[in-house]
Amino acid sequence: MSAPVRTRIAPSPTGAPHLGTAYMALFNLAFARKHGGQFILRIEDTDRQRSSTESEQAIFDALRWTGIEWDEGPDCGGDFGPYRQSERLDLYEQEINRLLKQEDAYRCFCSAERLNEVRARQMAEKQTPRYDGHCLSLSAEESIKRAENEPFVVRMKIPQSGQCTFVDELREEVSIDWAQIDHQVIRKTDGFPTYHLANVVDDHHMQISHVIRGEEWISSTPKHVLLYQYFGWDAPTFAHLPLLRNPDKSKLSKRKNPTGIFYFRDAGYLPEALINYLGMMGYTLPDQREIFSLGELSDTFDLKRISLGGPIFDLAKLKWLNGRYLREKLPAEEVVERLQAWKANPDFLGKIMHLALQRLETFSDFFPLAQFLLSEQPEYDVETLCGKLSPDQPAKLLKIAEWELEKATPWDRDTLSSIFQKIAETEDIKLKQLMPLFFVAMSGSAISLPLFDGLALLGPDLTRMRLRRALEILGESGNGLSKKGLKSLEKEYASRYGNRID
RNA sequence: GUCCCGUUCGUCUAGCCAGGUCAGGACACCGGGUUUUCAUCCCGGCAACAGGGGUUCGAAUCCCCUACGGGACGCCA
């Protein structure tokens with residue numbers, strides 16, 4: 001008589017849709033399907049600064065592209081909506097007030113300055129940074145009164161001692177001392193709930209039965225468990241999956257890997273191969289077959305078969321798999337159709353033609369010119385890349401461009417153009433001298449189609465990989481950035497461009 | 001720093017829960033064959049139980065310690 005299985009994926013619409021989202025979605029979906037349950041997409045847009053509707057749309061598009069489908073979500077509705085947290089504020093407010101009334105939470109009026117001081121002192125004394133409970137002693141009357149004209153946050157109370165023990169489906173019991181847990185803010189000054197509160201409230205109200213999420217959440221699970229207790233709700237079953245890793249074993253990051261789902265689309269991978277590959281990261285089907293569809297994964301899916309070591313995302317194996325799909329799973333006619341839908345269509349070729357036309361004498365001239373827009377990565381040697389620049393310059397300029405391009409919104413010709421002009425100015429170098437480097441990094445040749453238009457067509461994900469590849473080539477030839485050089489460049493960049501690297 | 005999680009070939013992993021196979025498969029790499037080239041395909045090879053201590057007739061498998069790796073420690077999620 002167990003409750004129906006309902007799983008969810010809860011991405012926040014900040015930045016480009018991440019591979020990790022597809023990875024978690026895949027297992028949530030497979031689990032739901034296996035048990036005849038529902039899979040829900042919920043948008044966690046409680047960060048007002050960083051959330052955007054473009055990003056939300058991109059999540060829909062990216063997941064749809066991979067072939068992952070959700071039963072309920074902001075775009076398709078469902079019986080437990082709305083599925084966008086920014087549309088559920090009343091519910092959170094009501095639940096927060098309940099916690100306040102129960103005295104399981106309290107208002108905190110501490111200033112950011114004071115909190116920073118406290119944190120700095122604790123760090124200096126090598127303690128775990130934690131709220132010191134300053135506002136905990138406020139009386140109910142005083143708290144309410146001050147709230148009328150002072151900004152405040154709401155924090156949840158945490159037991160003074162003892163530990164929280166919860167069951168993770170994949171590792172049995174996990175225990176964490178309450179002393180490790182901070183008095184988590186559950187309502188921000190702007191009135192929005194934080195992740196922890198909204199997540200628990202929504203999972204309950206949406207009747208989520210299994211929370212299958214990344215390992216990074218293990219340490220905050222006690223907060224969630226405690227919230228369920230405060231509310232008097234049954235907690236869902238938790239299962240924390242390993243995190244995808246970079247080749248150096250750190251958590252997969254776009255600094256070291258392509259992590260945007262669109263990278264794979266734009267670089268010419270098949271969604272079914274990508275999904276298949278993600279499915280074999282940390283998981284094997286009972287019969288150990290390596291080529292399988294989402295449906296086949298779902299039919300036999302068993303959470304317990306997940307292996308806990310964080311798998312390294314290996315492009316080489318993904319490519320091999322993609323090749324097998326291309327030559328074994330799809331008929332040639334369909335490959336042609338897919339190829340057309342990819343970039344060999346009038347729309348995309350038209351955009352390139354717009355740039356190439358003046359440079360054509362015959363049709364034969366077209367594809368060589370367009371090649372860099374149709375390939376994953378052009379080839380060139382380090383001499384071509386460096387051109388007339390002094391040896392220490394290319395790496396520095398490429399790195400700065402990589403950082404500056406992070407901020408390019410929208411990703412269009414004019415934005416890109418102004419970014420490169422800014423770099424030229426700040427570095428006190430003529431744009432004309434600066435450009436050959438980027439022409440080569442992007443197209444493999446100093447002579448190519450207009451760069452900014454080209455980059456605009458290429459998109460941020462492919463562009464980033466090309467910059468990185470150029471940096472890699474420089475590194476191999478001994479002209480790269482040393483660890484130290486990178487550090488000092490970061491500092492220099494922060495002061496000169498007024499921007500931090502995060 | 002503190003806490004939590006993890007650890008089988010370079011990489012993805014099977015085997016572990018219910019101790020007993022030359023520790024199996026795949027990618028990558030190397031060699032050979034097929035192919036007018038290349039790729040595909042086929043055959044072969046290289047290569048791992050992190051270390052130490054227990055329990056046991058017997059440990060990759062169970063227990064403990066150490067090391068290493070990762071994650072978390074935000075009014076981000």
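Values below: every heavy atom of this structure, side chains too, minus hydrogens, waters and symmetry copies. Below, read A as the first sequence line, B as the second, and so on, with proteins coming before strands; counting in each chain starts at 1.
Taking atom CD1 on A:Ile291 and atom P on B:rC12, their separation rounds to 18 Å, with Å as the unit. Taking atom CE on A:Met280 and atom C1' on B:rU11, their separation rounds to 11 Å, with Å as the unit. Across the protein-nucleic acid pair, A:Tyr283 atom OH and B:rA14 atom P stand 10 Å apart, rounded to whole Å. In this structure, A:Glu173 atom CD and B:rG6 atom P are separated by 13 Å, rounded to whole Å. Here B:rA28 presents its P atom at 12 Å from CG of A:Leu318, a figure rounded to the nearest Å. To the nearest angstrom, P of B:rG6 lies 8 Å from CD of A:Glu215.
With sequence neighbours excluded, the residues forming a salt bridge (charged side-chain N to carboxylate O under 4.0 Å, His left out) with A:Arg468 are A:Glu402, listed by chain and number. Looking at residues two or more places apart in sequence or on another chain, you find a salt bridge (charged side-chain N to carboxylate O under 4.0 Å, His left out) between A:Asp168 and A:Arg171.
Checking B:rC3 for Watson-Crick or G-U wobble geometry (two distances, each under 3.5 Å) identifies B:rG71 as its partner. Using N1 to N3 plus N6-O4 or O6-N4 for Watson-Crick, or N1-O2 and O6-N3 for G-U wobble, each under 3.5 Å, B:rC57 pairs with B:rG20. Pair assignment for B:rC41: B:rG33, on the basis of Watson-Crick or G-U wobble contacts that are both within less than 3.5 Å. Base-pair partner of B:rC27: B:rG10 (Watson-Crick or G-U wobble, both distances under 3.5 Å).
For a distance-only test at 3.5 Å, the side chain of A:Lys317 qualifies as a donor-acceptor partner of the base of B:rA26.
Cation-pi geometry between A:Arg8 and A:Phe80 is not met at under 6.0 angstrom from the ring centre and within 45 degrees of the axis.
For the pair A:Glu150 and A:Arg107, the salt-bridge criterion is not met [side-chain N within less than 4.0 Å of a carboxylate O]. Salt-bridge check for A:Asp203 with A:Arg213: failed, with every basic side-chain N at 4.0 Å or more from each acidic carboxylate O. By the 4.0 Å N-to-carboxylate-O rule, A:Glu296 lies close enough to A:Arg289 to be salt-bridged with it. Between A:Arg50 and A:Asp47, at least one side-chain N (NZ, or NE/NH1/NH2) sits under 4.0 Å from a carboxylate O, which counts as a salt bridge.
Side-chain atoms of A:Thr259 and A:Asn257 include no donor-acceptor pair closer than 3.5 Å.
Straight-line distance between the C1' atoms of B:rA47 and B:rC29: roughly 10 Å, to the nearest whole Å.
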Legend entry - Annotated protein contacts, base or backbone, on nucleotides 36-46 of chain B with a non-hydrogen cut-off under 4.0 Å, one of B, S, - each: ----SS-----
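Residue A:Gly214 is classed as having no contact, given no heavy-atom separation below 4.0 Å to the nucleic acid. Here A:Arg305 lies in heavy-atom contact (under 4.0 Å) with sugar-phosphate atoms only. Within the nucleic acid shown, A:Asp314 comes within 4.0 Å of sugar-phosphate atoms alone, with no base atom in reach, counting heavy atoms only.
For A:Ser250, the side-chain atoms get nearest to B:rG71 when compared with the rest of B:rC5, B:rG71, B:rC27. Between B:rA72, B:rC12, B:rG6, one nucleotide has an atom nearer to the side chain of A:Ser219 than all others, and that is B:rA72. For A:Glu290, the listed nucleotide lying nearest its side chain is B:rA26; candidates were B:rA26, B:rC12, B:rC5. Of the candidates B:rU13, B:rG71, B:rC27, the closest approach to any side-chain atom of A:Thr284 belongs to B:rU13.
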Inset, instruction - Determine, stepwise, if the pair A:Lys329 / A:Glu272 fulfils salt bridge (charged side-chain N to carboxylate O under 4.0 Å, His left out). - result: CA-CA 10 Å; A:Lys329 304 293 277 189; A:Glu272 46 271 68; over 6 Å; no
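The aromatic rings of A:Phe301 and A:Tyr283 lie tilted to each other, with the angle between the two planes from 30° to 60°.
Remark: aromatic rings of A:Tyr228 and A:His224 are distant, center separation not under 6.0 Å.
Sorted by first then second residue, the ring-ring contact (aromatic ring centres under 6.0 Å, His included) pairs that include residues 44-74 of chain A, not counting sequence neighbours, number zero.
In terms of phosphate contacts, A:Arg245 brings no side-chain nitrogen or oxygen within less than 4.0 Å of OP1 or OP2 of B:rU7.
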Which atoms of nucleotides 22-24 of chain B (N or O only) lie under 3.5 Å from a protein N or O atom, and what are those distances?
{"unit_1": "B:rG24", "atom_1": "N2", "unit_2": "A:Gln288", "atom_2": "OE1", "d": "3.1"}

Polar atom pairs (N or O), protein with nucleotides 74-77 of chain B, under 3.5 Å:
{"unit_1": "B:rC75", "atom_1": "O2", "unit_2": "A:Thr189", "atom_2": "N", "d": "2.9"}
{"unit_1": "B:rC75", "atom_1": "O2", "unit_2": "A:Thr189", "atom_2": "OG1", "d": "2.8"}
{"unit_1": "B:rC75", "atom_1": "N3", "unit_2": "A:Thr189", "atom_2": "OG1", "d": "2.4"}
{"unit_1": "B:rC76", "atom_1": "OP2", "unit_2": "A:Lys188", "atom_2": "NZ", "d": "2.8"}
{"unit_1": "B:rC76", "atom_1": "O2'", "unit_2": "A:Asp47", "atom_2": "OD2", "d": "2.9"}
{"unit_1": "B:rC76", "atom_1": "O2'", "unit_2": "A:Arg50", "atom_2": "NH2", "d": "3.1"}
{"unit_1": "B:rC76", "atom_1": "O2", "unit_2": "A:Arg50", "atom_2": "NH2", "d": "3.2"}
{"unit_1": "B:rA77", "atom_1": "OP1", "unit_2": "A:Thr46", "atom_2": "OG1", "d": "2.6"}
{"unit_1": "B:rA77", "atom_1": "OP1", "unit_2": "A:Lys188", "atom_2": "NZ", "d": "2.8"}
{"unit_1": "B:rA77", "atom_1": "OP2", "unit_2": "A:Tyr195", "atom_2": "N", "d": "3.1"}
{"unit_1": "B:rA77", "atom_1": "O3'", "unit_2": "A:Glu44", "atom_2": "OE1", "d": "3.0"}
{"unit_1": "B:rA77", "atom_1": "O2'", "unit_2": "A:Ser12", "atom_2": "OG", "d": "3.3"}

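Heavy-atom neighbours of A:Gln371 CD from other residues, nucleotides or ligands within 6.0 Å: at or below the threshold of 12.
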